[in-house]
Every structure is written in structure tokens, then in C-alpha cells.
Amino acid sequence: MDTTEKIYVGDMAHPLCSLHVAVTEKGLAFVGSENGSWEEIEQWKAAKRPRALLVEDQDRVASYIEEIMEYLDGGRKEFEIPLDVVGTPFQQEVWNALSKIPYAATAAYSEIAGEIGRPKAVRAVGAAIGANPVMIVVPCHRVVGKNGKLTGFRGGLAMKEKLLELEWK
């Protein structure tokens, strides 16, 4: 019996962005950067799930892509898809806090640090946000600098700006 974990990968093309999406039997595991390469998924897999096998399977990822597309079309404000993300307990805590930022709202890194009860851990919070494997679905694009300016985003600042503009329409 083969017990190797399989990660199913598919492509999503939308006028706002093109992404790779990776899912396991348990849920969404990774959302690639805008116009990201296959190499990006391989690097994530090597770091977080080195024993897993990548399998291209558009059908397996279709329902996940559908929800992301609905969001990008402006018709979805919350995601219902299950997640299967791998991270440290601290990262998980930060990602849970990100999930509480409402649609069309933003929060500063320092606010997230305060939310998790670690007000002095702003840089560590920033690093955890940067490690978020499921951008868009766990809305790291809603985190801004204390002065309200757009700062770092794995998908690039142009994409972060597009996502916030979509929500502020």
C-alpha cells in the first residue's frame, strides 16, 4: 500500500492574476504567487512536505479554484474551503489572526502582534505573514504598515494593491 502523501496541483487563470494551487486530501495547502513558476511549488514542497508527491490534477483542485475565482470576481467575501497548512505553532497563531481581518479592512503588523498577545513580536509576525502558504484565502494582503502604507507581499505589491482595490469597490 502506497502511503506517500499526494499534493494535487492545478493552474488558475483570472484577468487579475494567474496562480498555481496545491491541495491535499485534507484541503488547500498552497497558493502560488502571481505568474509563479512550477519551481515555486517545488520549493514550497521541499521545505514543508518533502516526502509528498506532486501530481498535476486540475479536477482535484477545481472546487478550490472556483472559490478563489469567485473572490476575484467580487462575488465572495469569505472562503469555505478547508485548509491543510503546515507551519510552526507561532505561524499558525498569526495565520489564524489574519483570518479574522474582515473583508475590505486592513490591520497593521503591530495590531496582529497585539491580537496574538505578543505586542513586541512585530518582526516575527511579519516573518510569519511572509510564510503564509495560502495567500488570498488567509488574507495577508490586508496587513499594512503602521502608517497605512502597503508593505511586503509574496505575490508582489502590485498584486496586493489589486486585491485591496477589489475589496474596496
Side-chain angles (χ1 to χ4, degrees), residues 5-49 52-87 91-107 109 112 125-144 150-169:
E5 176 186 33
K6 290 186 174 92
I7 298 174
Y8 304 99
V9 182
D11 299 324
M12 184 197 87
H14 186 276
L16 202 59
C17 60
S18 295
L19 310 165
H20 289 298
V21 177
V23 304
T24 67
E25 295 292 339
K26 295 178 184 173
L28 181 68
F30 185 78
V31 174
S33 301
E34 181 175 15
N35 300 315
S37 66
W38 183 263
E39 185 178 312
E40 179 186 28
I41 287 190
E42 289 176 336
Q43 289 173 350
W44 160 79
K45 183 198 86 71
K48 296 297 180 182
R49 296 174 183 234
L53 175 66
L54 293 177
V55 178
E56 288 187 70
D57 191 333
Q58 201 66 33
D59 291 337
R60 291 267 188 158
V61 301
S63 63
Y64 297 88
I65 287 174
E66 183 179 336
E67 281 202 21
I68 296 169
M69 296 280 266
E70 288 170 355
Y71 164 81
L72 293 172
D73 287 339
R76 175 174 289 280
K77 295 183 179 176
E78 293 180 13
F79 291 94
E80 297 173 8
I81 49 180
L83 302 180
D84 184 13
V85 293
V86 174
Q91 289 172 330
Q92 296 279 351
E93 204 174 353
V94 170
W95 301 336
N96 286 335
L98 296 180
S99 295
K100 295 176 186 169
I101 303 171
Y103 185 88
T106 58
Y109 292 89
I112 300 299
V125 163
I129 291 170
N132 171 16
V134 288
M135 65 178 191
I136 300 174
V137 178
V138 172
C140 52
H141 62 278
R142 296 180 188 152
V143 181
V144 297
L150 299 187
T151 58
F153 182 63
R154 179 168 53 88
L157 290 182
M159 183 177 179
K160 183 173 188 167
E161 187 172 8
K162 286 188 234 177
L163 294 172
L164 289 172
E165 285 175 2
L166 167 77
E167 293 185 13
W168 292 338
K169 281 184 183 177

For residues [X] and [Y], report the shortest heavy-atom separation together with the two atoms involved.
X: Thr24; Y: Ala29; answer: CG2-CB, 4.1 Å
X: His20; Y: Ile41; answer: CB-CD1, 3.2 Å
X: Cys140; Y: Phe153; answer: SG-CE1, 3.6 Å
X: Leu157; Y: Gly152; answer: CD2-N, 3.9 Å
X: His141; Y: Leu163; answer: CD2-CB, 3.6 Å
X: Ile68; Y: Met12; answer: CG2-SD, 3.5 Å

Practice prompt. Not counting sequence neighbours, which residues clear salt bridge (charged side-chain N to carboxylate O under 4.0 Å, His left out) with Glu70? List them please.
Written response: Arg76
Practice prompt. Taking side chain to side chain contact (heavy atoms under 4.5 Å, CB included) as the test, write out the residues that go with Lys48, two or more places apart.
Written response: Trp44, Val86, Gln91
Worksheet, complete the sentence: Glu161 meets the side chain to side chain contact (heavy atoms under 4.5 Å, CB included) criterion, sequence neighbours left out, with Leu150, Glu165
Worksheet, complete the sentence: For residues 10-33, the salt bridge (charged side-chain N to carboxylate O under 4.0 Å, His left out) pairs (sequence neighbours left out) are Glu25-Arg60
pair [X]-[Y]: side-chain heavy atoms closer than 4.5 Å:
X: Val23; Y: Asp57; value: no
X: Gln58; Y: Ile65; value: yes
X: Leu98; Y: Arg142; value: no
X: Asp84; Y: Arg49; value: yes
X: Met159; Y: Ile136; value: yes

Practice prompt. Evaluate side-chain contact (heavy atoms from CB on, under 4.5 Å) for His14 paired with Asp73, printing each intermediate quantity in order.
Written response: CA-CA 9 Å; His14 186 276; Asp73 287 339; 2.7 Å; yes
Rounded distance [0.5 Å steps], [atom1] in [X] versus [atom2] in [Y]:
X: Phe30; Y: Asn132; atom1: CZ; atom2: CG; value: 9.5 Å
X: Glu5; Y: Leu53; atom1: CD; atom2: CG; value: 10.0 Å
X: Cys17; Y: Lys162; atom1: SG; atom2: NZ; value: 7.0 Å
X: Tyr8; Y: Leu54; atom1: OH; atom2: CG; value: 11.5 Å
X: Ile129; Y: Met135; atom1: CD1; atom2: CE; value: 14.5 Å
X: Leu19; Y: Leu72; atom1: CG; atom2: CG; value: 7.5 Å

Worksheet entry | Residues in side-chain hydrogen bond (donor to acceptor under 3.5 Å, both in side chains) contact with Glu67, at least two apart in sequence or another chain | none
Practice prompt. Report the C-alpha distance between Tyr64 and Val137 in whole Å, list the side-chain angles of each, state the deciding distance to 0.1 Å, and finish with yes or no for side-chain contact (heavy atoms from CB on, under 4.5 Å).
Written response: CA-CA 10 Å; Tyr64 297 88; Val137 178; over 6 Å; no
Worksheet entry | Worked check of side-chain contact (heavy atoms from CB on, under 4.5 Å) between Val138 and Val31 | CA-CA 10 Å; Val138 172; Val31 174; over 6 Å; no
Worksheet item: Does Ala128 offer a backbone N or O that forms a donor-acceptor pair with the side chain of Trp95 under 3.5 Å?
Response: yes
Item to complete: Quick one: list whatever passes ring-ring contact (aromatic ring centres under 6.0 Å, His included) with Phe79, sequence neighbours left out.
Response: Tyr71
